[in-house]
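This report refers to the structure that appears directly beneath it.
Values in this document were obtained by computation on a predicted structure and should not be read as measured data.
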Amino acid sequence: MSDNEKKKTKFRSSQKWKNFRKDLKKNQKTDPITGSKLSTKATCHHLSLRIDEYEMISEERQVMLNPMSHDVLHYVYGDEKKRHDWKRRLAALERLCEEMDKYNGEYSEG
């Protein structure tokens, strides 16, 4: 385990982090990506990937995400080791979804 991972693990075991995560989940009821209810396995995602900012916690710096949303976000955006070209990836995903609409009809709520 890297020093950074050790630092993160230690902080995540602190009461300060556990209380913050509990309060954030209580205040945020839905996953902002899917709009679905947060699951019991929801993850508190840090918007800043900088290790020197890891312990800076506030409702503006973290967001609760369901596991799949968290995985997709990290896949598209990348991580602290390698950031991806997220704008290109999102544009490609949008193009594929538009192609799927051609065969499946456009999405409509209701």
Side-chain angles (χ1 to χ4, degrees):
M1 182 183 290
S2 72
D3 287 342
N4 286 348
E5 287 302 316
K6 287 177 187 174
K7 182 178 180 180
K8 289 178 181 181
T9 300
K10 182 179 178 183
F11 182 67
R12 286 192 299 255
S13 66
S14 72
Q15 198 60 48
K16 177 181 176 181
W17 174 252
K18 290 176 183 178
N19 290 340
F20 172 76
R21 186 184 180 283
K22 180 181 166 188
D23 290 343
L24 185 60
K25 190 170 183 185
K26 187 170 52 173
N27 294 335
Q28 182 191 325
K29 303 292 186 200
T30 59
D31 181 305
I33 294 175
T34 65
S36 61
K37 182 180 175 182
L38 287 176
S39 74
T40 57
K41 296 181 180 183
T43 302
C44 190
H45 173 73
H46 287 72
L47 297 174
S48 172
L49 300 177
R50 300 167 199 262
I51 191 65
D52 59 326
E53 295 181 0
Y54 196 76
E55 295 184 24
M56 297 170 72
I57 55 175
S58 69
E59 290 195 22
E60 293 79 33
R61 299 181 72 82
Q62 280 80 20
V63 62
M64 297 300 294
L65 298 170
N66 283 328
M68 180 74 72
S69 293
H70 191 244
D71 290 347
V72 167
L73 182 58
H74 274 286
Y75 178 75
V76 170
Y77 190 83
D79 58 28
E80 64 267 20
K81 294 176 187 164
K82 183 176 181 186
R83 284 198 33 214
H84 301 297
D85 181 6
W86 64 269
K87 290 179 184 179
R88 181 189 54 76
R89 286 183 172 204
L90 284 180
L93 181 60
E94 183 178 26
R95 283 192 300 277
L96 285 174
C97 288
E98 287 172 352
E99 285 297 311
M100 290 178 74
D101 277 350
K102 289 180 186 177
Y103 297 101
N104 300 295
E106 290 192 32
Y107 171 79
S108 64
E109 282 196 46

Calculate, to the nearest 0.5 Å, the distance between atoms NZ and OG belonging to Lys8 and Ser2 respectively.
7.5 Å
Are the side chain of Asp31 and the backbone of Asn66 linked by a donor-acceptor contact shorter than 3.5 Å?
yes
Distance (rounded to the nearest 0.5 Å) between Leu24 CG and Gln62 CD:
7.5 Å
Lys41: side-chain contact (heavy atoms from CB on, under 4.5 Å) partners, not counting sequence neighbours
Ser39, Pro67
Pair Lys102 + Glu99, salt bridge at N-O below 4.0 Å:
yes
Minimal non-hydrogen separation, Pro32 against Val63, with atom names:
CG-CG2, 3.7 Å
Would you say the side-chain atoms of Glu98 pair up with the backbone N or O of Met100, donor to acceptor, closer than 3.5 Å?
no
Within the structure provided, determine whether Lys7 and Glu55 are in side-chain contact (heavy-atom separation under 4.5 Å).
yes
Taking atom SG of Cys44 and atom NE2 of His70, what is their separation to the nearest 0.5 Å?
8.5 Å
Check the hydrophobic clustering (I, L, V, M, F, W, Y; side-chain heavy atoms under 4.5 Å; chains of links allowed) and say if Met64 and Tyr54 are grouped together.
yes
Sorted by chain and residue number, the ring pair (Phe, Tyr, Trp, His ring centres under 6.0 Å) partners of Phe20 (sequence neighbours excluded) come out as Trp17
Is there a path of hydrophobic side-chain contacts, each under 4.5 Å between heavy atoms of I, L, V, M, F, W or Y residues, that connects Val76 with Leu49?
yes
Greater than 12 external heavy atoms within 6.0 Å of Lys29's NZ:
yes
Test side-chain contact (heavy atoms from CB on, under 4.5 Å) applied to Asp79 - qualifying residues, sequence neighbours left out:
His74, Lys81, Lys82
Are Tyr75 and Trp86 linked, directly or through other ILVMFWY residues, by side chains that come within less than 4.5 angstrom of each other?
yes
In terms of heavy-atom contacts, does NZ of Lys10 have more than 12 from other residues, nucleotides or ligands at under 6.0 Å?
no
Would you compute the distance between atom CZ of Arg21 and atom CZ of Arg12 and round it to the nearest 0.5 angstrom?
10.5 Å
Could you walk me through whether Glu53 and His46 pass side chain to side chain contact (heavy atoms under 4.5 Å, CB included), step by step?
CA-CA 9 Å; Glu53 295 181 0; His46 287 72; over 6 Å; no
With heavy-atom distances below 4.5 Å as the criterion, would you say the side chains of Thr34 and Met68 are in contact?
no
Working for side chain to side chain contact (heavy atoms under 4.5 Å, CB included), residues Leu73 and Leu65:
CA-CA 9 Å; Leu73 182 58; Leu65 298 170; 3.8 Å; yes
How many angstroms lie between atom CG of Leu47 and atom CE of Met56, to the nearest 0.5 angstrom?
12.0 Å
d(Leu38 CG, Lys26 NZ) to nearest 0.5 Å is 14.5 Å
